[in-house]
Amino acid sequence: MPTLLIDGQWRSAADGRTIDVINPCDAKVFTTIDRGSEADIDAAVQAAQKALDGAWGRMTATERGRILMKFGDLIVRHADEIAQIEARDTGKPMTVARNDIVAVARYFEFYGSAADKIHGEQIPYLNGYNVQVVRVPHGVTAHIIPWNYPAQMFGRTLAPALAMGNAAVLKPSEDACLSGIRLAELLMEAGLPAGALNVVTGYGYEAGAALTAHPGINFATFTGSPEVGVLVQQATAKNAVPCVLELGGKSPQVVFNDVDVEKAVPIIVKAITQNAGQTCSAGSRLLVQQDIYDSFTQRVAEAFAKVKVGRPEMDLDCGPIVNRKQFERVNGFIDDAIATGVPLLARGALAEGLSPDGFFVAPALFGAVPREHPLACKEVFGPVLAAMPFADEDDAIRLANSSEFGLVSGVWTENGARQQRMAARLHTGQVFINCYGAGGGVELPFGGMKRSGHGREKGFLALEEFSTTKTVVLHHG
Ligand code: NAD
């Protein structure tokens with residue numbers, strides 16, 4: 001089946017090229033996707049504009065919302081099937097894949113039901129004037145998403161955009177886009193007019209670059225690496241197009257000496273091993289107050305050693321790394337840490353019977369990692385946790401905020417005043433206290449500070465981000 005959706009039709013790439021899709025569990029090719037490029041992007045942008053000028057642009061907010069909620073229902077009914085696709089494409093355990101699909105449905109339910117609840121304002125002005133501020137869509141929106149949570153990202157980026165009446169062009173990741181293709185099919189089945197969503201599979205440097213540079217787009221949103229985020233911002237800036245960037249993190253878990261150990265340890269371990277650590281908001285730095293550093297890291301090490309890695313159907317704690325490039329990158333961090341003498345406190349285990357060609361990595365806990373070491377500063381994007389001691393609250397803040405990133409942080413303390421002080425002083429877009437949500441639910445605004453990017457997705461704020469305003473001034477005398 002062709003994998004480009006343009007103007008309501010499934011098509012192959014204009015030049016007929018394809019990309020092999022590789023199973024991360026054994027490195028074998030199991031299907032292909034179409035390799036869209038500039039001509040396909042151009043057709044997709046034109047189709048989106050046509051939808052805005054046609055049936056989609058004329059639809060009421062209630063009608064749009066109904067389609068999105070119907071799609072939410074369809075996702076729930078096809079959850080097992082889509083979870084299978086997602087697990088095969090990414091290697092993630094079946095239970096995790098199923099949870100991801102439930103989350104996608106939730107995005108469309110949440111934003112579908114919100115579509116007609118975004119109201120404008122009336123502004124008191126001069127006598128004889130009526131001034132209204134109305135919310136309007138940006139127009140054609142460009143969506144570039146990564147491979148770590150392909151289905152969830154489909155929901156996170158498209159549900160608010162469509163709810164606000166934009167017409168979208170999605171460029172999913174070449175490394176995992178099969179769930180998105182199935183979801184797009186179901187969205188058409190739910191009644192989305194042709195051209196309101198267009199999907200162009202392909203490489204980032206071809207289809208992605210062509211999309212962000214296209215003069216016909218009015219807004220772009222990107223999730224991925226900081227390096228590509230800067231390219232996206234440069235490309236959109238050339239046409240004065242606004243963009244939202246979500247570029248990952250090096251999120252700290254700050255553990256004080258009054259921590260509830262039983263509660264904290266499993267959550268801290270899960271926050272870095274979930275999805276094999278390939279989560280932008282993974283808790284990848286473990287900062288522990290000096291006087292409990294040894295005892296607490298010992299407890300985390302015991303839990304770490306029990307983490308098991310396997311194929312999706314084994315349904316263990318984590319699956320493989322998504323592709324060879326990332327596999328080598330993650331192993332590079334681990335090998336470098338060992339070679340430079342950073343103590344390895346624990347490793348998880350690979351299940352029996354895995355293919356030696358698969359991209360499986362046993363999770364690793366290191367500590368105490370020197371504060372300037374690459375493992376303490378760089379985003380690994382794998383199941384690697386860097387533990388470091390801190391002296392007191394000021395030192396904890398210094399260390400936590402020393403990162404170039406600022407996406408999410410976790411704080412573990414029973415002291416209420418300290419909880420408030422930490423929340424106020426941490427430079428991250430989300431702060432979790434005595435819990436950790438790795439981005440949290442659909443309802444919670446999410447996005448970074450510093451090099452983690454800018455703009456907000458999720459929650460009601462996404463509806464503002466994915467729309468703009470028009471001020472209408474009427475003189476009635
Ligand atoms: P990437 O940034 O290259 O890819 C993300 C998306 O951007 C993909 O859809 C890709 O096709 C597209 N893209 C690539 N080049 C582009 C360009 N020039 N113009 C427009 N779009 C382009 O990420 P990657 O190579 O898959 O992973 C590398 C690193 O990125 C990881 O190690 C990790 O640190 C980070 N990452 C972060 C997230 C996140 O959720 N923040 C997700 C995936 C990867």
If the threshold is 4.0 Å, N to carboxylate O, is there a salt bridge linking [X] and [Y]?
X	Y	value
Glu404	Lys450	no
Arg66	Glu63	no
Arg88	Glu313	no
Asp34	Arg17	no
Arg182	Glu81	yes

Strictly distance-based, threshold 3.5 Å: is any side-chain N or O of [X] a donor or acceptor partner for the main-chain N or O of [Y]?
X	Y	answer
His78	Leu74	yes
Thr157	Phe154	no
Glu465	Arg456	yes
Ser452	Gly248	yes
Lys470	Gln132	no
Asn239	Ala213	yes
Lys92	Pro320	no
Glu109	Asp73	no
Asp317	Thr273	no
Asp89	Cys177	yes

What pair of heavy atoms forms the shortest contact from [X] to [Y], and how long is it?
X	Y	answer
Cys25	Phe360	O-CE1, 3.5 Å
Ser12	Pro2	N-CB, 3.5 Å
Ile272	Ala282	CD1-CB, 4.0 Å
Glu86	Tyr149	OE2-C, 4.1 Å
Leu287	Pro252	CD1-CB, 3.8 Å
Thr221	His143	CG2-ND1, 3.4 Å

Would you say that [X] contacts [Y] through its side chain, given a criterion of any heavy-atom pair below 4.5 Å between the two side chains?
X	Y	value
Phe222	Val228	yes
Ile82	Leu183	yes
Ile217	Val169	no
Ile433	Met422	no
Thr468	Val136	yes
Glu457	Val244	yes
Gln430	Ser281	no
Ile19	Tyr203	yes

Do you see a donor-acceptor pair shorter than 3.5 Å between the side chains of [X] and [Y]?
X	Y	value
Thr18	Thr32	no
Asp116	Thr62	yes
Thr212	Thr236	no
Gln46	Asp42	yes

Using 0.5 Å steps for rounding, measure from the [atom1] atom of [X] to the [atom2] atom of [Y].
X	Y	atom1	atom2	result
Leu170	Ile181	CG	CD1	9.5 Å
Phe446	Cys280	CZ	SG	4.0 Å
Ile67	Glu189	CD1	CD	13.0 Å
Phe359	Asn23	CZ	CG	9.0 Å
Met153	Asn148	CE	CG	7.5 Å
Phe366	Leu385	CZ	CG	10.5 Å

For [X], look at atom [atom1] and say whether over 12 heavy atoms of other residues, nucleotides or ligands are found less than 6.0 Å away.
X	atom1	result
Arg324	CZ	no
Glu372	CD	no
Gln122	CD	yes

Handout entry: Aromatic ring pairing Tyr111/Tyr107, orientation class (parallel under 30°, perpendicular over 60°, tilted between)
Key = parallel
Exercise for the section: Dump the intermediate steps for salt bridge (Lys or Arg N to Asp or Glu O under 4.0 Å) on Glu206 and Arg35, then the final yes or no. Expected result: CA-CA 9 Å; Glu206 284 179 349; Arg35 179 172 167 180; 2.6 Å; yes
Handout entry: Verdict with supporting geometry, Leu5 and Asn198, side-chain contact (heavy atoms from CB on, under 4.5 Å)
Key = CA-CA 5 Å; Leu5 174 65; Asn198 304 275; 5.6 Å; no
Problem - Within the 6.0 Å centroid threshold, strictly below: Phe381 and Trp147 - result: yes
Exercise for the section: Just do the side-chain contact (heavy atoms from CB on, under 4.5 Å) check on Asn434 and Trp412 with the steps written out, would you? Expected result: CA-CA 5 Å; Asn434 294 337; Trp412 298 89; 3.8 Å; yes
Exercise for the section: Evaluate the criterion side-chain contact (heavy atoms from CB on, under 4.5 Å) for residue pair Leu399 and Met388; output intermediate values, then yes/no. Expected result: CA-CA 9 Å; Leu399 185 53; Met388 286 164 264; 4.2 Å; yes
Exercise for the section: Mind running side chain to side chain donor-acceptor pair (under 3.5 Å) on Gln49 and Asp53 for me, showing each step along the way? Expected result: CA-CA 6 Å; Gln49 188 57 54; Asp53 298 337; 3.2 Å; yes
Exercise for the section: Start with the C-alpha gap between Val140 and Asn166, add the side-chain angles, then the distance that decides, and say whether side-chain contact (heavy atoms from CB on, under 4.5 Å) holds. Expected result: CA-CA 6 Å; Val140 177; Asn166 299 283; over 6 Å; no
Problem - salt bridge (Lys or Arg N to Asp or Glu O under 4.0 Å) between Arg156 and Glu246, intermediate numbers included - result: CA-CA 12 Å; Arg156 180 169 120 193; Glu246 201 272 86; 2.9 Å; yes
Exercise for the section: Could you go through the salt bridge (Lys or Arg N to Asp or Glu O under 4.0 Å) check for Glu379 and Lys250 one step at a time? Expected result: CA-CA 6 Å; Glu379 185 178 43; Lys250 189 75 184 174; over 6 Å; no
